Trainee: 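Here you go, one structure.
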Amino acid sequence: MSFVGFSVEQKQATATAIERMLSVWVNQEIKQTDFNITVTPLGNVSQLDDLSFHMNNARLTNYYLPPPYGCYSLMTAVSFQIADSPDLMNPTIVVSSLSKYPQVLQLSVVQNLSFGDQLLLVNGQSFSDYYEANKQTFGGANRYAGYRNALKSLSFLSTSLYPLPTADEVQLTMLSQQGNTYNLSLPWIAMSNPKCLAEASGIQSFRSEPRTPSQGHPTFTQFAKAFDLLPPVSLTKTVEPTLSWAIFDPQNTSLGIIRISGFTSKGSISDYIQVLSSLLQRELKRTRSLVFDVRDNAGGDIELANSITMLFTETYDPELFRARVTPFNDNVFAIGLAGPVWQSVYQASQGQNYTTPIPFSALPLLDRKYLKQVGVFTNANCFSACDIFAASMQDTANATIVGEDYQTAGGGANVVYYNQFLSGSSDFPKLPFATQMPQYGPEMRVAWRQVLRSGPRKGQLLENKGVQSELLVRPTISDIVNGSNSQWPRIAAYLQQKAVSRGIDDISFDISPKTQSVPLGSPIIVNVTCSKIALVSAMYPNQTIIATYKIPTTTKTFPVAFTAFSSVGVYEFQMAGYDVNGNKVLVTTQTVEITPSTSGYFSLGGPFHWNFDLTSAGVGLYNINSDPSNGWQSNGQQLQIGDGQEYAANVNSSLSLYFNPAPLGRVAIRVQGMYDTMDGLDFFHFGFQDQLGTNPILTSKDPITGKTLDGVSGFNVIDGTYFITPSGKFELYFGFTSLASPSGQGVVITSLDLVSIPIVPTRTVKSIDMPTTTVGDTSPSRTSLPAVTPQPTFTPPRKTCLFFKFICY
């Protein structure tokens with residue numbers, strides 16, 4: 001097997017890069033304390049052959065071996081599982097599945113093998129001795145993580161992370177379920193990554209090592225997961241690929257199961273949270289308890305993991321992070337690679353060994369969605385963000401940790417990649433061949449920001465220790481052999497016992513509606529549905545009490561009415577529920593749009609010309625979670641977004657004019673102005689709403705789906721007349737939404753006139769000189785403007801010279 005040829009100079013440059021990277025390694029101290037690991041420089045690398053050089057790098061960091069050597073994976077035909085047994089240090093290991101690849105099975109002699117057969121020896125050693133002899137290679141921050149790595153090494157190895165096995169076969173001694181001992185030789189089968197090999201093919205300098213992977217066996221490409229190691233449960237998929245769910249309900253256990261295979265989302269974190277929140281409030285709402293299955297979850301997005309925790313607590317206390325203060329970290333933080341908050345904290349921590357611990361990032365607080373007992377089902381393959389999720393759920397959400405191992409993997413840190421991240425600093429030049437091989441070239445990573453736990457374990461490190469299980473639940477040999485499942489019933493019974501002891505076995509608290517519109521001076525009315533709730537309070541966001549209501553023990557559903565806001569606008573208020581002991585169990589955030597009183601509505605008894613007075617009684621201005629100065633403004637001569645020169649990011653602003661019924665039934669609207677926005681991302685919305693719903697006037701088409709969108713984007717002049725037939729009182733709205741990439745002037749409205757005209761039923765209603773008006777389309781209210789679909793297009797309007805005196809109907 002060959003490597004890309006490193007010259008002596010390139011080896012020395014790599015060794016220097018490793019030394020600098022190790023200076024920012026945040027776990028040096030704890031690794032020294034727990035494992036007596038010391039960081040020693042490579043020294044004179046010119047005397048090292050390629051294999052020794054790269055393996056030494058892998059010993060010091062999480063180093064990815066370069067191509068072509070690192071382009072292979074090795075597999076045997078058998079996968080193993082740790083079965084339930086009293087001896088944790090000498091686990092019972094049995095055959096759990098065979099490879100899904102026919103090629104692998106054809107090259108392996110497994111006819112005498114049966115599910116449930118027990119592993120006695122690996123290459124003549126007991127499994128625990130095999131682990132001890134190879135633990136420097138397999139790694140693992142604790143013994144349980146090391147066991148899981150060693151177990152996986154009998155089925156699968158990647159040459160980008162591990163050296164080739166010294167032999168082409170692994171020798172196993174097995175014990176059948178009938179009590180017979182037999183020997184088994186499993187050949188290693190090589191699988192190539194053709195993209196990796198193709199990227200390396202342009203590099204002409206190679207050096208050869210004496211052997212190739214699994215000599216004498218064919219090489220083929222891995223396309224799918226080779227083994228299915230999770231116990232059977234029928235899961236329902238969601239739109240998020242890593243999120244699925246089930247309800248386990250024999251004997252009325254009603255255990256909700258949420259499987260998270262990785263903390264990644266196909267879109268934004270808020271999209272993922274919305275999907276999960278919907279599950280909790282709908283499909284899993286009636287469950288008696290809930291468990292997250294995060295076994296074999298290798299981590300992912302820390303912000304996503306932390307956001308999920310918020311859905312299960314009223315007292316969210318985030319885990320904290322810290323970094324080492326070192327000369328080579330100085331420049332990384334100084335140029336802002338970690339963001340301005342971390343930059344400031346790092347500068348304030350000069351002279352210390354570590355930065356002052358702070359949350360990983362500032363996240364918007366989320367409402368709690370589930371009140372009953374929650375568990376997290378882990379094993380020692382739960383790494384990184386999975387570790388952090390389990391710790392956060394235990395520390396701040398009172399979750400029960402159930403495990404197939406006594407600890408999670410103990411990878412409690414945010415890792416940093418050299419080429420992808422640190423090379424943005426001048427102290428960290430890119431590694432050799434990183435430019436020629438950007439995807440599969442040499443790369444390495446270390447732990448950069450370390451986790452400190454919160455809550456009752458405040459200040460404790462997560463690294464190495466992981467999250468300890470309160471209940472150990474491993475599959476039985478019968479589960480593995482027969483495809484049964486004894487784990488879920490045991491978990492359901494334990495969580496239900498915990499729920500009863502805490503008095504939350506059938507607690508509930510629901511508030512509706514989530515959003516509503518209320519005329520100025522009228523009461524806000526919400527409907528409360530609850531169980532085991534003794535007191536309900538309405539509060540302003542600053543926790544000031546608006547009103548408090550004592551709940552009779554026999555009451556399940558009742559309305560709550562109160563008056564809270566004295567001016568037109570969009571407001572948030574909170575509804576808090578307290579149990580019989582006075583503990584706050586849930587706070588929900590509601591949104592109310594206070595609209596003008598009907599006495600202030602404009603009249604269309606004659607032609608109406610608006611003078612852009614935002615203080616008129618018939619005008620409502622609503623800025624939803626955005627700075628009002630960036631929303632709709634008036635200078636007395638025109639209506640504009642922000643300063644009218646360049647709009648800001650993250651704007652969600654709506655302005656409405658409220659009208660009494662049109663005397664003649666029909667309304668002609670004359671509007672002039674322009675819009676200039678990032679095409680397909682930032683939108684101008686214009687339409688009307690009556691008792692029948694929301695009706696966009698300016699619409700566009702999604703070029704991919706053909707779906708009609710509420711709003712337009714890009715650049716164009718607004719100069720046209722529209723006809724609408726509202727049902728009774730109505731409001732005319734102007735909306736604007738922008739994302740994080742503003743580009744343009746925004747929206748400017750220079751003229752707005754309305755007049756009531758008779759209805760002529762024999763004529764087709766059309767808009768003049770602008771895109772066709774869409775009437776009757778049901779869209780969300782302005783308190784939740786519709787999500788933007790990328791890159792919509794629409795037919796540009798034609799220039800018009802029509803005025804009201806020329807209108808024909």
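For the single chain, residues carry numbers from 1 onward in sequence order. Treat the numbers as computed from the prediction; the structure is a model and nothing was measured.
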Trainee: Compare all side-chain heavy atoms of Leu422 with those of Phe328 and state whether any distance is below 4.5 angstrom.
Mentor: no

Trainee: Walk me through whether Tyr316 and Leu366 qualify under side-chain contact (heavy atoms from CB on, under 4.5 Å).
Mentor: CA-CA 9 Å; Tyr316 177 64; Leu366 303 173; over 6 Å; no

Trainee: Among Asn142, Thr33, Asp34, which residue meets the side chain to side chain donor-acceptor pair (under 3.5 Å) test with Asn464?
Mentor: Asp34

Trainee: With heavy-atom distances below 4.5 Å as the criterion, would you say the side chains of Ile30 and Gln450 are in contact?
Mentor: yes

Trainee: For Leu431, is there any backbone N or O sitting under 3.5 Å from a side-chain donor or acceptor partner on Asn419?
Mentor: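 Flag set: sc Asn419 to bb Leu431 pair under 3.5 Å.
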
Trainee: Would you say the side chains of Arg445 and Gln420 form a donor-acceptor pair under 3.5 Å?
Mentor: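 No - no donor-acceptor pair under 3.5 Å links their side chains.
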
Trainee: Out of curiosity, Leu655 CG to Leu639 CG, how far, rounded to the nearest 0.5 Å?
Mentor: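 Reported to 0.5 Å precision, the distance equals 5.5 Å.
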
Trainee: Kindly assign one of parallel, tilted or perpendicular to the pair Phe734 and Trp632, based on the angle between their ring planes and the thresholds 30° and 60°.
Mentor: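 If you compare the ring of Phe734 with that of Trp632, the planes turn out perpendicular.
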
Trainee: Please check if the side chain of Gln640 supplies one atom and the backbone of Val748 the other of a donor-acceptor pair under 3.5 Å.
Mentor: no

Trainee: Quick check: does any side chain N or O of Asn331 sit under 3.5 Å from a backbone N or O of Ser425, one acting as donor and the other as acceptor?
Mentor: no

Trainee: Side-chain contact test, heavy atoms from C-beta onward, threshold under 4.5 Å: evaluate it for Val446 versus Val416 and give yes or no.
Mentor: yes

Trainee: About how many Å separate CE of Met437 and CD of Glu199, when rounded to the nearest 0.5 Å?
Mentor: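 Between atom CD of Glu199 and atom CE of Met437 there are 6.5 Å.
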
Trainee: First locate atom CD of Gln574, then atom CD of Gln590, and finally report the distance between them rounded to the nearest 0.5 Å.
Mentor: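 These two atoms lie 9.5 Å from each other.
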
Trainee: State the CD1-CD distance between Ile401 and Gln468, to the nearest 0.5 angstrom.
Mentor: 11.0 Å

Trainee: Ignoring hydrogens, what is the shortest heavy-atom contact between Leu371 and Arg368? Give both atom names and the distance.
Mentor: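 The pair with the smallest heavy-atom distance is O-NH2, 3.6 Å.
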
Trainee: Taking everything shown except Gln136 itself, do over 12 heavy atoms lie less than 6.0 Å from its CD?
Mentor: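 Open.
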
Trainee: Any chance the rings of Phe312 and Phe292 have centres within less than 6.0 Å?
Mentor: yes

Trainee: Taking C-beta and beyond as the side chain, do Ile258 and Leu280 meet within less than 4.5 Å on heavy atoms?
Mentor: yes

Trainee: The test is side-chain contact (heavy atoms from CB on, under 4.5 Å); show your working for Ile358 and Trp342 and say whether it passes.
Mentor: CA-CA 8 Å; Ile358 63 171; Trp342 275 94; 3.6 Å; yes

Trainee: Would you call the rings of Phe321 and Phe360 parallel, tilted or perpendicular if under 30° counts as parallel and over 60° as perpendicular?
Mentor: tilted

Trainee: Please say whether more than 12 non-hydrogen atoms of neighbouring residues, nucleotides or ligands are located less than 6.0 Å from CD in Gln347.
Mentor: yes

Trainee: Is the backbone of Gly410 close enough, under 3.5 Å, to the side chain of Asp387 for a donor and an acceptor to pair up by distance?
Mentor: yes

Trainee: According to disulfide bond (SG atoms under 2.5 Å apart), does anything in residues 321-401 pair up with another residue at least two apart or in another chain? List the pairs.
Mentor: Cys382-Cys386

Trainee: Tell me whether Asp682 contacts the main-chain N or O of Leu739 through its side chain, where contact means a donor paired with an acceptor under 3.5 Å.
Mentor: yes

Trainee: Hey, are the side chains of Arg449 and Val26 touching, using non-hydrogen atoms and a 4.5 Å cut-off?
Mentor: no

Trainee: Answer yes or no: are there more than 12 heavy-atom neighbours, outside Tyr406 itself, under 6.0 Å from its atom OH?
Mentor: no

Trainee: Using a 4.5 Å cut-off on heavy atoms from C-beta on, say whether the side chain of Asp330 contacts that of Gln350.
Mentor: yes

Trainee: Would Leu304 and Thr264 count as a side-chain contact (heavy atoms from CB on, under 4.5 Å) here? Give the steps.
Mentor: CA-CA 7 Å; Leu304 174 57; Thr264 58; 5.8 Å; no

Trainee: Would you say Asn27's side chain and Ala447's backbone share a donor-acceptor pair under 3.5 angstrom?
Mentor: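 No, the answer is negative, given that no donor and acceptor are paired below the 3.5 Å cut-off.
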
Trainee: Does the side chain of Val376 come within less than 4.5 Å of Val294's, by heavy atoms?
Mentor: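 Val294 vs Val376: side chains touch.
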
Trainee: Would the distance check show the side chain of Ser349 and the main-chain N or O of Thr355 forming a donor-acceptor pair, the cut-off being under 3.5 Å?
Mentor: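 Side chain of Ser349 to backbone of Thr355, a donor-acceptor pair under 3.5 Å: no, none is there.
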
Trainee: If you draw the axis of the six-membered ring of Tyr354, does the NZ or CZ of Arg322 fall within 45° of it and under 6.0 Å from the ring centre?
Mentor: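 Positive - Arg322 is close enough to the ring of Tyr354 and near enough to its axis.
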
Trainee: Please report the interatomic distance CG(Leu311) to OG(Ser277), rounded to the nearest 0.5 Å.
Mentor: 4.5 Å

Trainee: Would a distance-only check, ignoring hydrogens and angles, find a side-chain to backbone donor-acceptor pair under 3.5 Å from Arg295 to Phe377?
Mentor: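 No, Arg295 side chain to Phe377 backbone: no donor-acceptor pair under 3.5 Å.
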
Trainee: Are the aromatic rings of Tyr440 and Tyr64 close, with centres under 6.0 Å apart?
Mentor: no

Trainee: Mark yes or no for whether Ser307, through its side chain, and Glu303, through its backbone, hold a donor-acceptor pair below 3.5 Å.
Mentor: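 Yes; at least one donor-acceptor contact below 3.5 Å.
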
Trainee: Decide side-chain hydrogen bond (donor to acceptor under 3.5 Å, both in side chains) for Ser653 and Asn623; before the verdict, give the C-alpha distance in whole Å, the side-chain angles of both, and the deciding distance to 0.1 Å.
Mentor: CA-CA 4 Å; Ser653 184; Asn623 293 292; 2.7 Å; yes

Trainee: Can you label the angle between the Tyr571 ring and the Phe565 ring as parallel, tilted or perpendicular, going by 30° and 60°?
Mentor: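 Ring orientation of Tyr571 relative to Phe565: parallel.
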
Trainee: Counting only heavy atoms not in Gln638 (residues, nucleotides, ligands), do more than 12 fall under 6.0 Å from its CD?
Mentor: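 Result for CD/Gln638: enclosed.
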
Trainee: Donor-acceptor pair, distance only, cut-off 3.5 Å: does the side chain of Ser344 make one with the backbone of Pro340?
Mentor: no

Trainee: Ring centroids only, cut at 6.0 angstrom: are Phe333 and Trp448 within range, meaning strictly under it?
Mentor: yes

Trainee: When you compare the side chain of Leu243 with that of Ile260, does any pair of heavy atoms fall below 4.5 Å?
Mentor: yes

Trainee: Go through it in stages, so that I can follow the logic: the residues are Phe683 and Tyr675, the test is ring pair (Phe, Tyr, Trp, His ring centres under 6.0 Å), and I'd like the CA-CA distance, side-chain angles, deciding distance and then a yes or no.
Mentor: CA-CA 9 Å; Phe683 278 72; Tyr675 56 89; 9.6 Å; no

Trainee: To check you understand the geometry: which heavy-atom pair defines the closest contact between Thr356 and Val345, and what is its length?
Mentor: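 For Thr356 versus Val345, the nearest heavy atoms are O-CG1, 3.6 Å.
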
Trainee: Would you compute the distance between atom NZ of Lys266 and atom OH of Tyr272 and round it to the nearest 0.5 angstrom?
Mentor: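 Going from the NZ atom of Lys266 to the OH atom of Tyr272 covers 12.0 Å.
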
Trainee: Check step by step if side-chain contact (heavy atoms from CB on, under 4.5 Å) holds for Asn625 and Glu572.
Mentor: CA-CA 10 Å; Asn625 298 321; Glu572 289 184 343; 3.9 Å; yes

